[in-house]
Amino acid sequence: MMSTALLIIDVQEAMFAYPDMKLYDEEGVLERISSLLDKARLAGVPVIYIQHTEEEGEFVKGIPTWEISSRIAPQAGEKVIEKTTPDSFHLTGLQEELERLGVTELVICGMQTDYCVNATSRRAHSLGYSSVLVKDAHSTFDDNHLTGEEIVKQHNDALGSGIAALRSEQEVTFR
């Protein structure tokens with residue numbers, strides 16, 4: 001029997017605080033992440049938050065922009081794991097926590113598509129986890145060459161080709 005966890009990556013206040021940049025489908029993505037969180041909690045599925053931390057800038061531990069978005073704030077007993085690289089497994093206790101919980105399947109959502117969601121999805125695959133990437137519950141910003149929408153589509157196509165199963169938020173159910 002597979003045990004599942006919801007992995008919410010870097011949905012921190014900084015992502016919504018840049019005056020001249022907006023995430024692709026920012027409101028819709030946040031609503032879908034909130035819906036996934038509600039479904040996981042109702043089913044008693046473990047929720048693990050990943051929180052990016054840096055020595056300077058908007059991700060300094062303890063400052064308001066470092067905090068997980070108040071719209072999906074962790075509840076008592078939900079694990080928050082800090083990381084300092086795009087890979088949520090690298091130099092963190094994530095793998096140990098998943099092993100402790102007996103988790104073999106991850107449902108992945110969050111930010112940013114082309115950095116932490118990409119790196120974490122690939123590492124989870126390398127470590128043997130069965131993963132679902134929620135294709136409409138991750139996002140990023142435009143870059144110099146592509147829009148956020150194009151980046152999300154490109155990563156859904158790439159990660160959905162053998163790295164993770166793609167599901168829409170509506171298709172994701174927890175048991």
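We find the CG-NZ distance between L91 and K83 to be 12.0 Å, quoted to the nearest 0.5 Å. If you take CD on E78 and CD1 on I72, they are separated by 9.5 Å, rounding to the nearest 0.5 Å. Taken to the nearest 0.5 Å, the OG atom of S88 stands 4.5 Å off from the CD1 atom of I9. Here CD1 of I33 is found 7.0 Å from CD1 of I8. Values are rounded to the nearest 0.5 Å. Of the inter-residue distances, the one linking K39 atom NZ with R175 atom CZ reads 12.0 Å to the nearest 0.5 angstrom. Rounded to the nearest 0.5 angstrom, T4 OG1 and F174 CZ are separated by 7.5 Å.
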Output, in order, the C-alpha distance, side-chain angles, deciding distance and verdict of side-chain contact (heavy atoms from CB on, under 4.5 Å) for V103 and L106.
-> CA-CA 8 Å; V103 169; L106 298 173; 3.9 Å; yes

Do Q51 and I81 pass the side-chain contact (heavy atoms from CB on, under 4.5 Å) test, and can you show the C-alpha distance, the side-chain angles, and the key distance before you say yes or no?
-> CA-CA 6 Å; Q51 189 170 30; I81 295 176; over 6 Å; no

Passes side-chain contact (heavy atoms from CB on, under 4.5 Å), E96 versus R100? Steps please.
-> CA-CA 6 Å; E96 292 78 9; R100 185 184 73 74; over 6 Å; no

Tell me, with the steps shown, if L30 and S69 meet side-chain contact (heavy atoms from CB on, under 4.5 Å).
-> CA-CA 9 Å; L30 195 52; S69 170; 4.3 Å; yes

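Residues F16 and M111 meet the side-chain proximity criterion, which asks for heavy atoms closer than 4.5 Å. Two residues are said to be in side-chain contact when any heavy atoms from C-beta on lie closer than 4.5 Å; I48 and L6 fail this criterion. In this structure, T104 and S130 have side chains that are not in contact, with every pair of non-hydrogen atoms separated by 4.5 Å or more. Side-chain contact between M15 and L23 is present, with heavy atoms from C-beta onward closer than 4.5 Å. Side-chain contact check for L7 versus L94: some heavy-atom pair is nearer than 4.5 Å.
Of the candidates K61, Q12, E82, T53 forms a side chain to side chain donor-acceptor pair (under 3.5 Å) with just one, namely E82. For the side chain to side chain contact (heavy atoms under 4.5 Å, CB included) with H138, the qualifying choice from L159, V11, N156, I108 is N156, the only one to do so.
Under the 3.5 Å distance criterion, with hydrogens and angles disregarded, no donor-acceptor pair is assigned to the side chains of H155 and T113. Residues T65 and E13 bring no donor and acceptor atom of their side chains to less than 3.5 Å of each other. Judged purely by distance below 3.5 Å, without hydrogens or angles, the side chains of T140 and Q112 pair a donor atom with an acceptor atom.
Salt bridge absent: K135 and E169 never bring a charged side-chain N and a carboxylate O closer than 4.0 Å. We find that K153 and E150 are not joined by a salt bridge, their nearest charged nitrogen and carboxylate oxygen being 4.0 Å or further apart. Residues D25 and R32 are paired through a salt bridge, judged by an N-O separation under 4.0 Å between the basic side chain and the carboxylate. No salt bridge links D87 with R122; every basic N to acidic carboxylate O contact stays at or beyond 4.0 Å.
In the hydrophobic cluster analysis, where Ile, Leu, Val, Met, Phe, Trp and Tyr join through side-chain heavy atoms closer than 4.5 angstrom, V107 is grouped apart from L127. One hydrophobic cluster, built from ILVMFWY side chains closer than 4.5 Å, cannot hold both V29 and L166; they sit in different ones. Under the 4.5 Å side-chain heavy-atom criterion for Ile, Leu, Val, Met, Phe, Trp and Tyr, L133 and L98 are members of the same hydrophobic cluster. Tracing side-chain contacts under 4.5 Å through hydrophobic residues (I, L, V, M, F, W, Y), one never reaches V80 starting from V117; they form parts of separate clusters. No continuous path of hydrophobic side-chain contacts links I50 to V47 [ILVMFWY only; heavy atoms under 4.5 Å].
Applying the ring pair (Phe, Tyr, Trp, His ring centres under 6.0 Å) test to Y115 and every residue at least two apart in sequence or in another chain returns nothing.
Clustering of Ile, Leu, Val, Met, Phe, Trp and Tyr by side-chain heavy atoms under 4.5 Å joins I151 with L146.
Residues in residues 22-80 take part in these ring-ring contact (aromatic ring centres under 6.0 Å, His included) pairs, two or more places apart or across chains: H52-F59.
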